[in-house]
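Just so it is clear, the structure is predicted and the values come from calculations on it, not from any experiment. We count residues from 1, following the sequence as given.
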Amino acid sequence: MTTRPVVLGTLVLAGVLVACADTPPPPAPPAPVTSTAAATTTTTPANTGPLVSVQDVDPSIVVEARYFTDHNFVGERIDGYEANKCLVTPQAAEGLRRVQEELRPKSLSLKVYDCYRPQRAVNHFVRWAKTSDTRMKAEFYPTLGKDRLFPDGYIAERSGHSRGSTVDLTLIDVPARPQAQYRAGEGLANCTAPQERRFADNSVDMGTGFDCFDKLAHTANPAIAQPAKGNRALLKSLMDKHGFTNYAQEWWHFTLRGEPHPGTYFDLPVR
């Protein structure tokens, strides 16, 4: 697959594809920091800049930043993730707070896996994409060759997460069930297996695990049985109601409509 160079400020990422898959940014007002020729990369500090911690807006939202751990499709902590935090734009945080309000009477909560993603993390994915490393294949892309992850749309050239208004999340019961702790090198569980045979994440059943690069992770896949089908529908309907659009190939992936920085890719670390 041939791609044109992607210019991010002075940074050029040529001919490679990096996680995670994303739809083109929706129409929105121009970002305040942009270039007329290309997207912009900026390193505004999080505590004074355009991003906030979602737990400062609603402390009840659970954060499990998978890229702060080595339990992800690469198999190691990703550059730029220095804390178990979810940073997003204030507009996205407010939308998540409203979703959480609606979940509370149902004894459910949001759990976020990834929010804002620094450009340096995307660069890490670029390096991984060039290697033959498949140590996490058995869990995260068990039915595909690594060379198919990019052309099949599970991984994309640029991540909307770097714009600060895209989130990966799920639903958990309240009180939450115990959460398994992954240890590097332990046996991997196929993300497409029935819930009782997958990694013991404390998510409600969504039909696959998180970051599962498989058609079963497509939000509307008819092969998904109840209760997973109902859980996906509930998450999608509430996120849509409060301003987010789902990416059809990933049940967990949502982007705020009218996001405030559609042409800006931030590179501050998550800390």
Side-chain angles (χ1 to χ4, degrees), residues 17-21 62-86 109-115 117 121 124-150 152-155 159 161 168-173 175-219 221 223-229 231-232 235 249-253 270:
L17 297 159
V18 294
C20 77
V62 177
V63 177
E64 183 195 336
R66 282 288 188 91
Y67 299 138
F68 179 60
T69 76
D70 50 16
H71 188 213
N72 57 64
F73 67 90
V74 175
E76 60 195 25
R77 183 186 295 186
I78 304 303
D79 292 352
Y81 288 85
E82 300 177 8
N84 185 55
K85 277 191 173 183
C86 166
S109 170
L110 292 174
K111 180 171 82 169
V112 292
Y113 294 115
D114 193 32
C115 299
R117 181 181 304 163
H124 193 158
F125 293 143
V126 171
R127 295 193 300 273
W128 175 81
K130 295 177 179 178
T131 73
S132 59
D133 181 2
T134 57
R135 76 185 98 161
M136 303 301 284
K137 173 179 170 57
E139 178 168 352
F140 293 97
Y141 46 108
T143 63
L144 291 176
K146 184 177 178 181
D147 62 335
R148 295 304 311 167
L149 297 181
F150 316 129
D152 287 1
Y154 296 103
I155 296 176
S159 176
H161 285 273
D168 294 338
L169 41 67
T170 189
L171 300 174
I172 62 173
D173 292 313
R177 294 182 290 111
Q179 167 70 60
Q181 296 300 310
Y182 171 77
R183 291 174 176 79
E186 70 181 35
L188 299 173
N190 186 326
C191 64
T192 67
Q195 186 181 33
E196 63 272 14
R197 300 210 305 267
R198 297 197 300 265
F199 176 76
D201 186 292
N202 62 355
S203 172
V204 303
D205 187 8
M206 288 293 191
T208 74
F210 165 63
D211 257 2
C212 187
F213 300 135
D214 188 273
K215 289 182 179 179
L216 283 178
H218 295 188
T219 308
N221 190 315
I224 298 300
Q226 295 291 2
K229 189 176 292 185
N231 291 333
R232 288 186 185 186
L235 178 62
Q249 290 191 196
E250 297 174 347
W251 58 257
W252 54 82
H253 181 117
V270 178

Taking every non-hydrogen atom, the tightest pair across A176 and I172 = CB-CD1, 4.0 Å
Hey, would you say the F140 and H71 ring centroids sit under 6.0 Å apart?
-> yes
Partner of Y113 under side-chain hydrogen bond (donor to acceptor under 3.5 Å, both in side chains), chosen from T170, D211, D201 = D201
Between CG of N190 and OG1 of T143, what distance do you get to the nearest 0.5 Å?
-> 7.5 Å
Should L171 and M206 be marked as a side chain to side chain contact (heavy atoms under 4.5 Å, CB included) after you check the CA-CA gap, both sets of side-chain angles, and the distance that decides it?
-> CA-CA 9 Å; L171 300 174; M206 288 293 191; 3.9 Å; yes
Does a sphere of radius 6.0 Å around NZ in K229 hold more than 12 heavy atoms from other residues, nucleotides or ligands, not counting ones at 6.0 Å or beyond?
-> yes
Quick one: is the NZ or CZ of R77 closer than 6.0 Å to the six-membered ring centre of Y67, and within 45° of its axis?
-> no
How about E139 and F73: do any of their side-chain heavy atoms sit closer than 4.5 Å?
-> no
Could you grab the distance from atom CG of N202 to atom CD of Q179, nearest 0.5 Å is fine?
-> 4.5 Å
Considering all heavy atoms of both residues, which atom of R177 and which atom of S203 are nearest to each other, and what is their separation?
-> NH2-O, 2.5 Å
Do H253 side-chain atoms and D168 backbone N/O form a donor-acceptor pair below 3.5 Å?
-> no
Give a yes or no on whether the backbone of H218 and the side-chain of R232 come within a donor-acceptor separation of less than 3.5 Å.
-> yes
Kindly give the heavy-atom pair with the smallest separation between G209 and W252, and that separation in Å.
-> O-CZ3, 3.7 Å
Search all heavy atoms of D133 against all heavy atoms of Y141 and return the closest pair with its distance.
-> O-OH, 3.8 Å
State, yes or no, whether a side-chain contact exists between Q249 and D152 at a heavy-atom distance under 4.5 Å.
-> no
How many angstroms lie between CE in M136 and CG in N72, if you round to the nearest 0.5 Å?
-> 6.5 Å
For H124 and Y81, run side chain to side chain contact (heavy atoms under 4.5 Å, CB included): C-alpha distance rounded to whole Å, both residues' side-chain angles, the deciding distance at 0.1 Å, then the answer.
-> CA-CA 11 Å; H124 193 158; Y81 288 85; over 6 Å; no
pair K146-W128: side-chain heavy atoms closer than 4.5 Å = yes
Pair R127-D79, side chain to side chain contact (heavy atoms under 4.5 Å, CB included): steps then yes or no | CA-CA 11 Å; R127 295 193 300 273; D79 292 352; 2.7 Å; yes
Check whether any side-chain heavy atom of L144 lies under 4.5 Å from a side-chain heavy atom of D214, and answer yes or no.
-> no
Please tell me if the side chains of L235 and L110 come closer than 4.5 Å, counting only heavy atoms from C-beta onward.
-> yes
Give, for atom CZ of F199 and atom CG of L188, the distance between the pair rounded to the nearest 0.5 Å.
-> 10.0 Å
Between V63 and N84, what is the shortest heavy-atom contact and its length?
-> O-ND2, 3.0 Å
Side chains of K111 and F210: does their closest heavy-atom pair fall under 4.5 Å?
-> no
Of the non-hydrogen atoms in A83 and A65, which two are nearest, and what is the gap between them?
-> O-CB, 4.4 Å
Looking at T192, T208, D205, which one forms a side-chain hydrogen bond (donor to acceptor under 3.5 Å, both in side chains) with R198?
-> D205
